[in-house]
Amino acid sequence: MSPATRSGSTRKVAVVGVALSDCGRVDEATPYTLHAQAARRALADSGLSRDVIDGIASAGLGTLAPVEVAEYLGLRPRWVDSTSVGGATWEVMAAHAADAIAAGHANAVLLVYGSTARADIKARRRTSNLSFGARGPLQFEVPYGHSLIAKYAMAARRHMHEYGTTLEQLASVAVQARTNAATNPDAMFRDPITVDEVLDGPMIADPFTKLHCCIRSDGGCAVLLVAEDYVADCASEPVWVLGAGEHVSHTTMSEWDDFTVSPAAVSGRLAFGRAGVTPGEIDVAEIYDAFTYMTLVTLEDLGFCEKGEGGPFVEKGRLLRDGGLPTNTDGGGLSAQHPGMRGLFLLVEAVRQLRGQAGEGQVRRADGTLPELAVASGTGGWFCSSGTVVLGR
């Protein structure tokens with residue numbers, strides 16, 4: 001099947017293929033290998049031929065991403081995107097791809113990512129990053145040792161000061177993520193943890209102890225978006241892109257107006273408005289969680305609770321698979337996998353939940369039916385950027 005490209009028209013866009021590469025501890029693969037694994041598996045999931053792919057989006061690998069990735073995969077796309085805004089990259093790319101497909105500029109776009117972040121450090125091929133660089137505006141912060149995690153820690157402390165958010169409430173985010181990970185065979189850490197274990201762990205950046213922070217893993221994943229014309233030929237149930245939004249706010253901390261408000265406050269409002277749904281209608285939320293505070297403040301900014309009420313909101317199991325708002329149902333970056341820019345994993349898990357393919361970790365609505373609406377919201381930098389995508393069956 002080869003649908004005509006209808007420039008100027010508006011077509012519905014569906015996700016028809018999702019997959020993970022090998023994840024967790026992967027010592028014998030290159031990042032290119034993980035890209036290829038994920039791409040092949042996502043294509044197999046869709047049931048389509050790779051010949052249909054005429055667009056590719058990739059970031060984080062090579063000098064000329066996504067040119068090098070496309071070449072490695074044997075693709076010659078006529079639409080590309082290499083937008084790189086950290087963890088929000090993939091939600092932003094999904095929005096761009098959906099717009100391109102809807103307008104007829106592409107028919108099938110592959111989003112693909114892979115990283116050996118853990119294996120590279122273990123093999124001493126790279127070191128941990130203290131900063132993102134010392135040029136441009138960042139030159140005024142780097143000399144003071146202001147690392148990425150320190151910036152998140154400062155923001156968390158401000159929220160605690162402003163709204164009375166407690167360490168126990170932040171720790172409960174990590175505990176619930178680990179509980180969700182217990183039913184995910186692809187999760188790197190599945191053993192249960194307690195609030196006390198989170199609080200008693202080694203301090204990384206006050207107030208974050210080790211278990212407040214994401215894990216470091218290897219892994220990759222891929223998502224295939226297509227025009228509605230292709231859906232009839234797919235092996236999988238389509239999940240529709242209903243709306244998306246993106247926003248960037250700052251680079252330096254001195255330019256951040258309010259440490260307690262993330263750019264998801266804008267990207268979320270745009271995504272929900274374009275999808276024509278409200279936060280109260282969402283069945284599943286997949287939220288970037290490099291640190292526990294990210295989950296809490298993003299829930300506020302997406303409108304699931306009022307500003308300052310994130311602490312009480314996350315208590316009492318609300319984020320669990322059978323809680324009031326199942327969140328990071330695969331275990332998230334805190335327990336499942338975090339090989340770097342994790343935003344694409346959010347889309348994979350959201351699609352699997354809507355399809356009913358999450359195994360023991362499957363979310364069900366109160367009446368026993370599958371979820372119908374999901375949101376994936378990625379965050380980049382130190383709350384510098386956000387991309388939010390609303391998906392539906």
Applying a strict under-4.5 Å side-chain criterion to I, L, V, M, F, W and Y, I'd like to know whether [X] and [Y] cluster together.
| X | Y | value |
| --- | --- | --- |
| L20 | V26 | no |
| L346 | V92 | no |
| L170 | M154 | yes |
| L370 | V363 | no |

- Message: Does R25 qualify as a cation-pi partner of F189, given the criterion of NZ or CZ under 6.0 Å from the six-membered ring centre and within 45 degrees of its axis?
- Response: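 Satisfied, under 6.0 Å and within 45°.
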When you check the gap from the basic side-chain N to the acidic O, do [X] and [Y] get nearer than 4.0 Å?
| X | Y | result |
| --- | --- | --- |
| R365 | D283 | yes |
| K12 | D229 | no |
| R321 | E360 | no |
| D330 | R342 | yes |

- On a heavy-atom basis, the closest approach of V15 and V241 is CG2-CG2, 4.2 Å
- Task: Determine, step by step, whether D301 and S262 satisfy the side-chain hydrogen bond (donor to acceptor under 3.5 Å, both in side chains) criterion, reporting the C-alpha distance in whole Å, the side-chain angles of both residues, the deciding distance to 0.1 Å, and the verdict.
- Result: CA-CA 7 Å; D301 292 335; S262 79; 2.7 Å; yes
Taking the side chain as everything from C-beta on, heavy atoms only, tell me whether [X] gets closer than 4.5 Å to [Y].
| X | Y | value |
| --- | --- | --- |
| L325 | L299 | yes |
| Q169 | T292 | no |
| T369 | R364 | no |

- Message: Clusters formed by hydrophobic residues whose side-chain heavy atoms approach within less than 4.5 Å: which one holds L64, and what are its other members?
- Response: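 Members other than L64 - counting any ILVMFWY side chain reachable under 4.5 Å - are V67.
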In chain order, what residues pass the side chain to side chain contact (heavy atoms under 4.5 Å, CB included) check against [X], with sequence neighbours excluded?
| X | result |
| --- | --- |
| A39 | L73, L110, V112 |
| T260 | R158, H159, E162, Y163, D258, Y293, K307 |
| S21 | C23, L34, Q37, A38 |

Look up atom [atom1] in [X] and atom [atom2] in [Y], then write down how far apart they are to the nearest 0.5 Å.
| X | Y | atom1 | atom2 | answer |
| --- | --- | --- | --- | --- |
| L319 | D322 | CG | CG | 11.5 Å |
| R216 | Q337 | CZ | CD | 14.5 Å |
| E197 | R178 | CD | CZ | 9.0 Å |
| K210 | I215 | NZ | CD1 | 11.0 Å |
| D200 | T209 | CG | OG1 | 8.5 Å |

Tell me, please, which residues at least two apart from [X] pass salt bridge (Lys or Arg N to Asp or Glu O under 4.0 Å).
| X | answer |
| --- | --- |
| D206 | R157 |
| D51 | none |
| D22 | R41 |
| R190 | none |

- Query: For I287 and M294, what are the C-alpha separation, side-chain angles and deciding distance, and is it a side chain to side chain contact (heavy atoms under 4.5 Å, CB included)?
  - Reply: CA-CA 8 Å; I287 292 173; M294 293 178 73; 5.9 Å; no
Per-pair distances, 0.1 Å, donor-acceptor, side chain in residues 263-276, under 3.5 Å, sequence neighbours excluded:
{"residue": "S267", "atom": "OG", "partner": "S386", "partner atom": "OG", "Å": "2.7"}
{"residue": "S267", "atom": "OG", "partner": "T388", "partner atom": "OG1", "Å": "2.8"}
{"residue": "R269", "atom": "NH1", "partner": "A265", "partner atom": "O", "Å": "3.3"}
{"residue": "R274", "atom": "NH1", "partner": "A244", "partner atom": "O", "Å": "2.8"}

- Message: Regarding T278 and E281, do their side chains bring together a donor and an acceptor under 3.5 Å, going by distance alone?
- Response: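 The answer is yes; a qualifying pair exists.
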Enumerate donor-acceptor pairs with a distance under 3.5 Å from any side-chain N or O in residues 79-86 to protein atoms, sequence neighbours excluded.
{"residue": "D81", "atom": "OD1", "partner": "T83", "partner atom": "N", "Å": "2.9"}
{"residue": "D81", "atom": "OD1", "partner": "T83", "partner atom": "OG1", "Å": "2.7"}
{"residue": "D81", "atom": "OD2", "partner": "H96", "partner atom": "ND1", "Å": "2.9"}

- Output all residues satisfying ring-ring contact (aromatic ring centres under 6.0 Å, His included) with Y113, sequence neighbours left out; order by chain, then residue number. W90
- Message: Test of understanding: with side-chain hydrogen bond (donor to acceptor under 3.5 Å, both in side chains), list the residues that count as partners of Y288, not counting sequence neighbours.
- Response: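 Partners of Y288 under the side-chain hydrogen bond (donor to acceptor under 3.5 Å, both in side chains) test: H338.
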- Item | Distance flag, aromatic centroids of F208 and Y152, threshold under 6.0 Å |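 Ring centres of F208 and Y152 not closer than 6.0 Å.
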- Task: Tell me whether the centres of the aromatic rings in W256 and F383 are closer together than 6.0 Å.
- Result: yes
- Query: Do other residues, nucleotides or ligands put more than 12 heavy atoms under 6.0 Å from R76 CZ?
  - Reply: yes
- Task: Determine, stepwise, if the pair E141 / T252 fulfils side-chain hydrogen bond (donor to acceptor under 3.5 Å, both in side chains).
- Result: CA-CA 8 Å; E141 294 182 351; T252 54; 4.7 Å; no
- Message: As a test of understanding, state which of V231, V109, I101, L242 forms a side chain to side chain contact (heavy atoms under 4.5 Å, CB included) with V13.
- Response: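 It is I101; the other options fail the test.
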